[in-house]
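Everything on this sheet refers to the single structure shown next.
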Amino acid sequence: MRRYPFSAVVGQDKAKTALILSAVEPGMGGVLLTGQKGTGKSTLVRAFPGILPSLEVSRCSYNCSPEDPLLCPECSSGKKETHLLDPQLVNVPLGSDEASLLGSIRMDALLKEGIVEFEPGLLARANNQVLYIDEVNLLPDHVADNILDCAASGVNTIEKDNVSITHPARFILVGTMNPEEGRLRPQILDRFALSVPIETVEKSEDRIEIINRVLAFSENPSAFNKAFAQADQRVREKIALARKNLSAVQIPVGMLATVAGAMAELQLDGQRADIVTLKAAKALTAYQGKGVVDLDGLNTVAPLTVGHRTRQGGYRNAPEEKEILQALKEAHAKFGGRKDSGRMWSFSEAIGSLE
Amino acid sequence: MIPLFQNDAFIAALILATDPRIGGLILKGALGSGKSTLMNAFSGWTRSIRIPLGSEIEALTGSLDIQLLLSTGEVLKRAGLLVEGDQSVLLVEHLDLFSDEIQDLILSCGKPVMATVSGSEEIRGRLLDRFGLCVEMCTLSDPEQRLSVLAGHFIGEVDEISGSVATEASRRLDKIRIPGWYARACAFTCSALRITGHRAEVALFRSGIALAALQGTSSVDVEHLRRVAPMVLGHRSAGESGSFPVISEIMKAVNFGCEMAKRGEKEIFSNRMQELTERILDQVQNSIRNTPSITQVKGLDYKEPKVGTLGRLSQQMRNQFFREVKMFSSGKETSGAGSGSETNRMQEDAFSGRPVKPIQADTIREMNPLLSVKAAAMDGRRLPIVPLEKEHWRKWQKASKTRAVCMLAIDGSRSSQEYLGDVGSILDGLFTRVFHQSSRVGLAVIRNGKAVMHFAPTRNRLRVFGGLNDLNPGGATPLDELLSVSGSELRRSGGSNAEQRFIILLSDCFPEPVPVGDIWNSSIYGRVRKQAANLARQGIPVLVIDPMQISTKAAEESPGRRLGKFIAHTTGGKHVTFAKESQYDIFGALKESAQKPKLVLADDVHGEANGLNSFSVSPSLARLFRQMGSS
C-alpha cells in the first residue's frame with residue numbers, strides 16, 4: 001500500500017506540529033489525536049513515518065540503536081552489524097493481548113526442539129519506530145497500562161513463562177480515538193505528552209482541496225507522492241537537524257518561571273504538564289532553528305501539552321486554549337523577567353534536624 | 001533525580017532504605033507528582049528488585065525449568081523474583097493494576113515493598129496495612145516550588161544527595177539510644193487512636209529510630225515520633241468505624257502517648273509495669289515456641305513475619321492499661337463514622353441551630369474509670385467533676401422501695417457527645433436518690449442499623465459505666481430499632497411486680513437520616529410510632545429525656561420534640577427537657593415513675609410549654625417539684 005504524503009494533508013496544523021515535536025524529541029511521551037470519524041486522524045498517522053529521519057540500528061529483532069545504553073539480549077551477547085532503518089508504523093491491533101505486546105515463549109521451538117525461546121512482541125518491534133494504537137479508548141485497561149508503562153520507561157521487562165528479559169522499547173507512541181466511543185481514563189490520558197483535538201476542516205475551498213488531493217492520490221499514487229516528496233524530505237531534514245541541536249537549546253529562567261506560574265494558576269495535577277510543556281517548547285525551538293525558548297513557543301505548545309489534563313485531582317475539567325494562553329500571558333508578565341531560580345530545595349532542610 | 005519539595009515522601013523513602021524491616025512504603029498521589037521518579041532514585045539507595053507490570057505468578061514464586069524438563073526429563077525449580085536475594089526491596093509501580101492474587105503474593109512474602117498507586121483504584125485496607133509507611137504526594141500549588149522543580153529538571157540545580165546517606169544511617173541504627181519510655185509511647189499512641197492490629201506500633205518504633213539515624217542524632221526523641229507518625233499511622237484503619245485518622249488526631253495521640261509513657265516511667269508503672277512485663281515475656285516465649293516460623297506457599301519458602309516482643313508487649317499493655325484509661329479523641333475532624341453521619345450532623349445542626357462543640361481531652365486527668373466519663377465532659381466544659389466513689393454509693397437513701405429494671409437507650413449520634421457526661425450523673429442519681437439499690441440497668445446503643453452495644457439490665461454498674469466510657473459518638477441511630485432492642489432486653493430480663501420496668505430514652509428524638517419534607521408523616525416516624533405503641537401494649541413506659549436545650553416555643557413544636565412527646569405519651573412515660581441547669585431535675589421525673597409505676601398523664605404531656613428559664617418540663621412534673629420543694 002502506498003503511503004499518503006505527510007505534507008499533502010490539508011490543514012490540521014496543530015496535529016502536524018504535535019507529531020513533528022514528538023519526532024524531534026521521542027522521549028517526551030506519546031501523541032493522542034482525538035476526533036470524530038473521517039477527520040483524517042489515521043491518514044495523518046500513517047503518513048507520519050514518512051517524515052522520520054532514518055536511523056542506524058542493529059540487525060536484531062529489537063532494532064537496537066548502537067548508542068543505546070541498554071542493549072537487547074541478542075546485541076549484548078555480541079556486536080551485530082548495523083543498517084539504516086526507515087522507521088515504520090507498528091500497529092497495535094484492537095484485539096491485542098499481553099502476550100502479543102510484551103512477547104511470549106515460542107511454542108514451536110519449545111515443543112519441537114525442547115528449548116525455551118523468547119518471541120519478541122510488538123513493543124520490541126516498535127523500538128526506535130512508531131507504535132500506533134488506533135481506538136486507544138477501546139483497548140482493555142491492562143493492555144493500555146502495559147504500553148504506557150513501557151512508553152514512559154523506554155524499557156520492557158518480561159517476567160513470565162520461564163523467561164526473564166529486559167530490552168529497550170523506545171518508540172514514539174501515537175494514539176487516536178473517537179471520543180464518541182468512550183472516554184479514556186485520566187491516568188492514561190495524562191501519560192500522553194501531547195493531545196490534539198482534530199476538527200473537520202470547515203473552509204469550503206479547503207474541503208475542495210482535500211477532495212482533489214484524495215482523488216489525485218487514488219488515481220496515481222506514485223505521481224502524487226513524487227509531487228510531495230520534496231516537501232516531506234524538507235521536514236525530515238529539519239527534524240534530523242533539530243534532533244542534533246536539541247540539547248543546545250537554552251531555556252531562560254524567566255520561561256521556567258512563566259510555565260511554573262501558569263501551571264500553578266491553572267491548578268494542574270502533578271508536575272508532568274510543566275515538564276512536558278518545556279520539553280515540547282524546546283523541541284519546537286530546535287525545529288524552528290532558534291536557540292532560545294520564548295513565549296511564542298510556549299504559546300504554541302501549551303495548548304497541546306495541557307489541553308487534556310485534569311485539574312484539582314480531577315474535580316476541574318481540562319483547561320481550554322483561551323484559559324491556557326491567558327494564564328501564560330499573566331505568568332509571563334509576573335515572572336518573565338526572572339533571572340534567579342529562587343529558593344532551592346536542600347537535603348538538610350528536607351531531612352530536618354533537632355538543633 | 002528526586003521529586004523536590006515532596007519532603008514527606010522523600011523522608012519516608014530514606015527511612016525505608018535505612019531500615020527495610022519497616023516493611024514497606026506506599027506512595028499515593030496525583031498523576032505526575034513524581035512517584036515513579038522517587039522510586040527510581042530509591043533503587044539507587046539500596047538493593048532492590050523491580051516487579052514489572054504484567055508479571056506472572058510463576059515468575060514471582062518460581063517455576064519448573066521447562067527446557068530442562070523437556071530435554072532431559074529432569075525436574076528443576078527455577079527461582080522466582082521473590083526468593084532472589086534476601087532482603088532486597090521489591091519495587092512495584094502501579095500496584096493497583098496488578099491482579100488481587102499477585103498483590104496478595106507480593107505483600108505476603110515478607111519482603112519490604114515500595115509501591116506506587118495512582119489513586120484511582122483503591123487498595124484494599126488489609127493490604128494497605130502491610131505497608132509500614134504511606135505517603136500521599138501532593139500537587140505543588142506554589143509557583144516558586146514548581147519553578148524549583150523545573151530548574152532542577154532543566155538546569156540541573158539540585159542539592160545532590162548520594163545514596164550513601166541511607167547506607168551510613170543504617171550502620172548507625174544500632175547505636176541510637178532508645179529511652180525506656182519510647183516503646184510504650186509507640187504503643188500508647190496506637191492505642192489512643194484505636195488502631196487495629198499491631199503492625200503500626202512496630203513500624204512507628206522502627207521509623208522513629210531510622211529518622212534519628214538519618215539525622216545523625218544520638219538518641220530518639222518525641223520530635224522523631226511526631227515527624228514519622230503521620231506517615232506510619234495515616235493509612236491504618238482505626239476505631240469501630242475503621243476510618244483513617246486525620247493528622248490532628250495523630251498529633252494528639254502522639255502527644256498523649258509520649259506524655260503517658262513518660263509519666264508512666266516515673267509514677268504509675270514503677271511496680272506494675274515490672275510485674276506486667278515479666279508476665280508478658282513469659283507469654284511471648286510460650287507463643288514463639290508454639291508458632292511455626294516457616295510456611296509453605298506454592299512451594300515457596302518464606303519466613304512468617306514475626307510479631308516481635310514489642311508487638312506482643314504492646315498488645316498486653318494496651319489491654320491492661322486501657323481498660324482503665326481511655327482517651328476521648330473527638331476532635332472536630334473526627335468523624336467516627338462514614339459520610340452518612342456527616343450529613344446527619346449537618347441536619348442536626350440545621351435543626352437545632354447550634355454549633356457542634358467538640359470534646360477535647362488531651363490528657364486524661366483521672367485514672368478512675370468511673371470518672372473518665374466525667375473527665376470528658378469536663379474537658380468539654382460541661383460539668384464539674386463530681387466524685388463517684390463507692391462511699392458515695394453507700395450513702396444511698398433507703399427511702400425508695402421501688403426496684404427499677406431499666407434500659408438506658410442512648411441515641412449515640414454525634415450530638416450525644418455533648419451530654420454523655422451527664423448520663424453519668426443520671427445513673428448516679430438514679431441509684432442514689434430514686435430507686436432501691438438493687439435496681440438493675442442495661443444499656444443499648446444502635447448505630448447505622450447495627451447494635452454497637454446492648455446488654456440486659458444488670459446490677460453491675462461498672463459495666464454500664466464501662467459501656468458509656470467506650471462509646472464513641474457519631475453515626476445514625478434509628479430510634480425504632482433502639483426501642484425494640486431495649487424492649488426485648490427488658491422482656492428477657494424478667495422482673496417481678498415489685499420492680500418497675502421502664503426505658504430511659506436519651507435522645508434529641510431525631511431519628512436519622514430524616515428525609516426533608518413532611519417529616520412527621522415519613523415512614524421513619526411511622527416505624528417509631530409503631531414501636532412505641534408496641535411498648536405501650538407491653539406496659540413499658542418510656543421516659544424520654546431530651547438533652548437539648550431548647551427554650552423557644554417554635555422549637556417546642558419541632559418534629560423531634562413532637563416525636564419525643566409522642567413516644568412518652570403513647571407508652572405512658574414522660575418527656576423531659578434536659579438542660580444544663582436542670583440536670584438533676586430528672587430525678588423528680590424518675591421519682592414520679594418510682595412512686596406511681598403506671599403513670600399515664602396524657603393531658604400533661606400535651607400541656608403547654610411553660611417558660612421556665614432555660615428548660616421546660618411538663619406541668620405535672622413542675623407541680624411535683626413544687627410539692628417536693630426540691631429542684
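A, B, ... follow the sequence lines: proteins, then strands. Residue 1 opens every chain.
- Of the two parts of B:Arg227, only the side chain, counted from C-beta on, holds a non-hydrogen atom closer than 4.5 Å to a non-hydrogen atom of chain A.
- Distance CG/A:Leu278 to CZ/B:Phe154: 4.5 Å, rounded to 0.5 Å.
- Both the backbone and the side chain of A:Asn146 come within less than 4.5 Å of a heavy atom of chain B.
- Among A:Leu102, A:Asn156, A:Asp190, the residue with the largest count of heavy-atom pairs under 4.5 Å with chain B is A:Asp190.
- To the nearest 0.5 angstrom, A:Gln271 atom CD is 7.5 Å from B:Leu150 atom CG.
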Note to self: For a side chain to side chain contact (heavy atoms under 4.5 Å, CB included) check, start with the C-alpha distance between B:Val149 and A:Asp274, then their side-chain angles and the critical distance, and finish with the verdict.
What the structure shows: CA-CA 9 Å; B:Val149 174; A:Asp274 310 31; over 6 Å; no
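- Residue pairs meeting the side chain to side chain donor-acceptor pair (under 3.5 Å) criterion with at least one partner in residues 111-125 of chain A, sequence neighbours excluded, are A:Arg106-A:Glu117.
- Within the 4.5 angstrom heavy-atom criterion, only side-chain atoms of A:Asp149, from C-beta onward, approach chain B.
- Proximity to chain B (any heavy atom under 4.5 Å) is restricted, for A:Arg191, to the side chain, taken from C-beta onward.
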Next item on the list: Show the numbers, then the answer: is there a salt bridge (Lys or Arg N to Asp or Glu O under 4.0 Å) between A:Arg338 and B:Glu144?
Entry: CA-CA 11 Å; A:Arg338 274 187 70 142; B:Glu144 289 294 324; 2.6 Å; yes
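- A pairwise comparison of heavy atoms in A:Ala260 and B:Leu147 identifies CB-N, 3.4 Å as the closest pair.
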For residues 326-336 of chain A, which side-chain donor-acceptor pairs fall under 3.5 Å, sequence neighbours excluded?
residue, atom, partner, partner atom, Å
A:Gln326, NE2, A:Glu330, OE2, 2.8

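- Across A:Leu256, A:Val276, A:Val155, A:Thr157, the residue that shares the most heavy-atom pairs under 4.5 angstrom with chain B is A:Leu256.
- B:Ser36 OG to A:Arg272 CZ: the interatomic distance, rounded to the nearest 0.5 Å, is 7.0 Å.
- To the nearest 0.5 Å, atoms OG1 (B:Thr37) and CD1 (A:Ile275) are separated by 7.0 Å.
- A:Glu25 CD: more than 12 foreign heavy atoms inside a 6.0 Å radius.
- Side-chain contact between A:Leu268 and B:Arg146 is present, with at least one heavy-atom pair separated by less than 4.5 Å.
- Each of A:Ala262, A:Ser164, A:Gly270 has some count of heavy-atom pairs under 4.5 Å with chain B, and the biggest count is that of A:Gly270.
- At a threshold of 4.0 Å, the pair A:Glu159-B:Arg50 does not count as salt-bridged, since none of the basic side-chain nitrogens sits closer than that to a carboxylate oxygen.
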